[in-house]
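Notes to accompany the following structure.
What you see is a predicted model, and the numbers here were worked out from it, not measured in a lab. Scope of the values below: all heavy atoms of this structure, side chains included, with no hydrogens, waters or symmetry mates.
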Amino acid sequence: MQDKLKEYNKKRDFYKTAEPQGADKEKSNPVLRYVIQHHMSRREHYDFRLEWNGVLLSWAVPKGPSYNPKDKRLAIQVEDHPLDYRNFEGTIPQGQYGGGTVMLWDEGHWLAAESDVDKAIEKGEVKFVLLGKRLKGLWVLVKLKDTVNWLLIKEKDEYAKTSADIDGFTISIRTGRTMSEISNS
């Protein structure tokens, strides 16, 4: 576990940030969880995190997810995060890695569409079903060649829409607070 979170720990000063340390005490759940955090840092983006093998696999999605299958959203893979990061909402101090406000934007469970997720990740095409409070249905992450860049795409199903349709969600799914309220608390 520590090896998986080495990069995460190296980037943070836990005397200055309230983010959870990478010594994850939380155990993987048989039902795989995911979280999306709206992150107002140097550049606004959404952090998309899938629980897998005891960590949260993580991508920064600059424009956020889209319900429209025609939208191919850039998703930049970043370091794995500890499982308890799925509970983090608050402000990372300026000057720290990722400094800014983090809001819990969506959460739920996910199901792999393939039987071998590790192989799908290695291949660079991971299909999954999201069972969240805001996002639902079939999605895919497709890796671009020789890079940390992936595309997050909504697959065509009964949840697909012709608009991105995420701008209306401006409060935390857990606390009901806005970004401004979180940053001022």
Side-chain angles (χ1 to χ4, degrees), residues 1-39 41 45-61 64-65 73-92 96-100 102-144 146-153 155 172-175:
M1 182 74 63
Q2 286 295 67
D3 282 349
K4 291 181 181 181
L5 297 173
K6 186 176 183 178
E7 186 179 349
Y8 170 87
N9 286 328
K10 191 166 87 173
K11 291 182 175 185
R12 289 161 177 81
D13 181 343
F14 295 106
Y15 292 107
K16 295 180 180 177
T17 183
E19 295 169 280
Q21 290 190 34
D24 209 335
K25 297 177 184 101
E26 188 175 347
K27 299 294 181 218
S28 245
N29 194 321
V31 177
L32 298 169
R33 297 163 292 193
Y34 83 92
V35 67
I36 299 175
Q37 292 156 312
H38 190 177
H39 192 164
S41 62
H45 64 279
Y46 292 75
D47 293 313
F48 180 73
R49 308 188 196 285
L50 295 175
E51 178 178 357
W52 188 248
N53 287 338
V55 296
L56 293 171
L57 304 177
S58 298
W59 292 264
V61 183
R73 297 300 175 110
L74 177 64
I76 304 151
Q77 191 168 23
V78 297
E79 74 278 5
D80 295 343
H81 282 54
L83 292 176
D84 52 356
Y85 206 94
R86 67 185 183 77
N87 299 311
F88 179 72
E89 179 173 272
T91 301
I92 301 168
Q96 294 300 298
Y97 178 74
V102 176
M103 177 179 75
L104 291 165
W105 188 85
D106 193 24
E107 68 179 345
H109 297 94
W110 71 280
L111 305 168
E114 294 100 342
S115 59
D116 190 339
V117 176
D118 290 318
K119 187 175 181 180
I121 292 168
E122 186 180 314
K123 184 176 116 181
E125 186 172 328
V126 184
K127 291 187 178 190
F128 49 92
V129 174
L130 293 180
L131 305 166
K133 294 180 180 171
R134 294 185 173 153
L135 298 185
K136 297 184 184 325
L138 188 60
W139 298 74
V140 64
L141 277 163
V142 179
K143 188 173 185 181
L144 302 177
D146 302 320
T147 167
V148 295
N149 295 332
W150 296 64
L151 297 174
L152 176 63
I153 307 165
E155 295 280 305
S172 167
I173 46 118
R174 287 217 204 139
T175 64

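- The residues Glu114 and Lys119 are annotated as not salt-bridged, no charged nitrogen and carboxylate oxygen being separated by less than 4.0 angstrom.
- Nearest heavy atoms, Leu5 versus Pro82: CD2-N, 3.6 Å.
- Closest approach of Val61 and Pro65 over heavy atoms only: CG1-N, 4.2 Å.
- In this structure, Ser58 and Glu79 approach most closely via the heavy-atom pair CB-O, 3.5 Å.
- For Leu104 against Arg86, the heavy-atom pair with the smallest separation is CD2-O, 3.3 Å.
- Considering every non-hydrogen atom in both Gln21 and Asn9, the closest pair reads C-OD1, 4.1 Å.
- Relative ring orientation between Tyr85 and His81 is described as perpendicular, the plane-to-plane angle rising above 60° on a 0-90° scale split at 30° and 60°.
- The CZ atom of Phe48 sits 5.5 Å away from the CG atom of Leu141 when rounded to the nearest 0.5 Å.
- Comment: Arg12 engages Glu19 in a salt bridge, judged by a side-chain N to carboxylate O separation of less than 4.0 angstrom.
- Note that the CG atom of Leu56 and the CG atom of Asp84 stand 8.5 Å from one another [nearest 0.5 Å].
- Rounding to the nearest 0.5 Å places NE2 of His45 at 11.5 Å from CG of Leu74.
- Atoms CG and CG, from Asp118 and Asn53 in turn, are 5.0 Å apart once rounded to the nearest 0.5 Å.
- Aromatic ring orientation, Tyr46 versus Trp105: perpendicular (interplanar angle above 60°, classes split at 30° and 60°).
- Two residues are said to be in side-chain contact when any heavy atoms from C-beta on lie closer than 4.5 Å; Leu144 and Leu151 meet this criterion.
- Distance NE2/His38 to CG/Asp106: 13.0 Å, rounded to 0.5 Å.
- How far CG of Asp80 is from CG of Leu57: 5.5 Å, rounded to the nearest 0.5 Å.
- Among pairs with a residue in residues 122-141, those fulfilling side chain to side chain donor-acceptor pair (under 3.5 Å) read Glu107-Lys133, at least two apart in sequence or across chains.
- Without hydrogens or angle criteria, Arg73 side chain to Leu152 main chain gives no donor-acceptor distance under 3.5 Å.
- When all heavy atoms of Leu83 and Gly54 are compared, the closest pair comes out as CG-O, 3.6 Å.
- Ring geometry for Trp59 versus Trp150: interplanar angle over 60°, hence perpendicular rather than tilted (30 to 60°).
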Inset, instruction - Could you walk me through whether Ile121 and Trp52 pass side chain to side chain contact (heavy atoms under 4.5 Å, CB included), step by step? - result: CA-CA 11 Å; Ile121 292 168; Trp52 188 248; 4.1 Å; yes

